[in-house]
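Heads up: the structure comes next, in structure tokens.
A quick note: this is a predicted structure, and the numbers were derived from the prediction, not measured.
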Amino acid sequence: MEQIDQSLIERYLANELTLSERNAVERRAQDDAQFRKDFAEYQLSIEAIKLSERDALKNRFRQRDKMLDQKNNGGRQGTPFYMLMMTAAAVISILVAWYFLYTPDRTIDEAKNETRDSTFLVQNPPVVIDTLKTNKPVQPQNPSRPKSVKPMQQIFAENFEAYKDETMDIASRSDEEDLTPTDKLLLNYWEGNYKEAQVAFNNMTPKDRQNDNYRFIYANVLMSLNKTTEAGLILTGVQQNHKSIYASESRFYLGLCNLKAGKIEEARKNLEAYLDDQDVQHKEKAKKILAALNE
């Protein structure tokens, strides 16, 4: 696959193309059998990688607990982590091979509905006062009942909650003194000790600090500590890289950071894009926030 084609397919799957560009990609996939095959192979690889990363993360947590239990009981370490990764790679290879043996003519999924243009606002016509007929001051309508506009910070406070799912649920090992900084990040994050989690992240290796899964968790730590500006920059990178298993959820939390900063249109754009994804955790919250913004 040529580099330009790979970049085009990546942007298509990340929903970063305009409607005309998406239509062009789909027409090419219909007319060009090789491009259609490359597209299907790349899309399947991305889906398989996401599944394997999630399973690997779960296995890492289970393996760590098993190792700690064996240590407490005088046992030895279990299966090394790299063996789990080799197993996941083998599963991915089998899935790709099966796909091309049995479904060689798979077509591209229908494009998602175009995100509506939320910048179009209906403006009321200006009120013209005939000063020749009256000198009476113009009184506002219903002065005793002004329209209530909920502050953006209040909307943020009502809807923010640090993201958690079963992959992060690990047993507390507060009596262990030899935990790695990565383990300490996960433990303190799960238990709501966000200052300790921040320290643990800063003590991680440079490679681990660049991992988008841990960066997403760290962004939630910063939001919990009311550092939404820095968190927003991290979430923007996570969302654009599209390598994290939390890439979809990053849009919701980026939208919350936009709200806190008063960037209403950016918040609306991210929340609407978030709702386009079916497998997300905070769908009802996103709908509630958009309804409040449209009042």
request  = Please check if the side chain of D32 supplies one atom and the backbone of F35 the other of a donor-acceptor pair under 3.5 Å.
outcome  = yes
task = Spell out, as yes or no, whether a donor-acceptor pair under 3.5 Å connects the side chain of Q281 to the backbone of E249.
result = no
key: Closest heavy-atom pair and its distance - A247, Q239   = O-CG, 4.3 Å
key: Sub-4.5 Å side-chain heavy-atom contact between I264 and R268   = yes
ask   = Can you find a pair of side-chain heavy atoms, one from M152 and one from L293, that are under 4.5 Å apart?
value = yes
ask   = Under 3.5 Å, side chain of N188 to main-chain N/O of K184, donor-acceptor pair present?
value = yes
inquiry  = Does either side chain, that of E158 or that of Q154, offer a donor lying less than 3.5 Å from an acceptor on the other one?
reply    = yes
ask   = At what distance, to the nearest 0.5 angstrom, does CD of E230 lie from CG of L235?
value = 10.5 Å
Rounded distance [0.5 Å steps], CG in N258 versus CZ in F156 = 11.0 Å
Exercise: do N220 and K164 side chains pair donor with acceptor under 3.5 Å = no
inquiry  = For the CG atom of D276 and the CG atom of L271, what is their distance to the nearest 0.5 Å?
reply    = 11.5 Å
message = Please report whether the ring centroid of Y246 lies less than 6.0 Å from that of Y253.
response = no
query = Under 4.5 Å between any side-chain heavy atoms of M223 and C257, yes or no?
reply = yes
query = Of all heavy-atom pairs between S224 and A162, which one has the smallest distance, and what is that distance?
reply = OG-CB, 4.0 Å
request  = Decide yes or no for L275 and L290: does some side-chain heavy atom of the first lie under 4.5 Å from some side-chain heavy atom of the second?
outcome  = yes
Test: E266 and K269 ion pair at under 4.0 Å = no
request  = Determine the minimum heavy-atom distance between S248 and V280, stating which atoms define it.
outcome  = CB-CG1, 4.1 Å
key: Distance, nearest 0.5 Å, that separates CG of L259 from CG of N270   = 9.5 Å
request  = Decide whether L233 and L256 are clustered together by the hydrophobic rule: side chain heavy atoms of Ile, Leu, Val, Met, Phe, Trp, Tyr closer than 4.5 Å, transitively.
outcome  = no
query = What are the two closest heavy atoms between R36 and A29, and how far apart are they?
reply = NH1-O, 2.7 Å
inquiry  = Could you tell me if R209 sits above the aromatic ring of Y214, with its cationic atom closer than 6.0 Å to the ring centre and no more than 45 degrees from the axis?
reply    = no
message = Does K243 have more than 12 heavy atoms from other residues, nucleotides or ligands lying within 6.0 Å of its NZ?
response = no
same_hphob_cluster(V199, Y218) at 4.5 Å side-chain heavy-atom cutoff = no
key: Worked verdict on T229 versus L222 for side-chain contact (heavy atoms from CB on, under 4.5 Å)   = CA-CA 9 Å; T229 300; L222 294 174; over 6 Å; no
ask   = side-chain contact (heavy atoms from CB on, under 4.5 Å) between R11 and E21: does it pass, once the steps are laid out?
value = CA-CA 10 Å; R11 294 179 62 204; E21 289 174 333; 4.0 Å; yes
message = Using 0.5 Å steps for rounding, measure from the CG atom of L8 to the CG atom of L13.
response = 9.5 Å
request  = Taking the side chain as every heavy atom from C-beta outward, state whether F160 and T228 have any pair of such atoms under 4.5 Å apart.
outcome  = no
ask   = Between Y163 and F252, is any pair of side-chain heavy atoms under 4.5 Å apart?
value = no
Between CG on residue L185 and CG on residue D208, distance to nearest 0.5 Å = 9.5 Å
task = Examine distances only and state if a side-chain atom of N202 and a backbone atom of Q198 form a donor-acceptor pair shorter than 3.5 Å.
result = yes
request  = Taking the six-membered ring for Trp and the full ring for Phe, Tyr or His, determine whether the centres of Y12 and F39 are under 6.0 Å apart.
outcome  = yes
ask   = So does K283 have more than 12 non-hydrogen atoms from other groups sitting under 6.0 Å from NZ?
value = yes
From V238, I245, I217, I234, residue fulfilling side chain to side chain contact (heavy atoms under 4.5 Å, CB included) relative to D212 = V238
Partner residues of S20 under the side chain to side chain donor-acceptor pair (under 3.5 Å) criterion, sequence neighbours left out = T18
message = For the residue pair R22 / N15, report whether a side-chain donor-acceptor contact shorter than 3.5 Å exists.
response = yes
query = When you check the side-chain N and O atoms of Q34 and D38, is any donor under 3.5 Å from an acceptor?
reply = yes
key: Aromatic centroids of Y274 and H282 separated by under 6.0 Å   = no
task = Quick one: do R27 and N23 satisfy side-chain contact (heavy atoms from CB on, under 4.5 Å)? Show the steps, please.
result = CA-CA 6 Å; R27 285 195 300 270; N23 291 336; 3.6 Å; yes
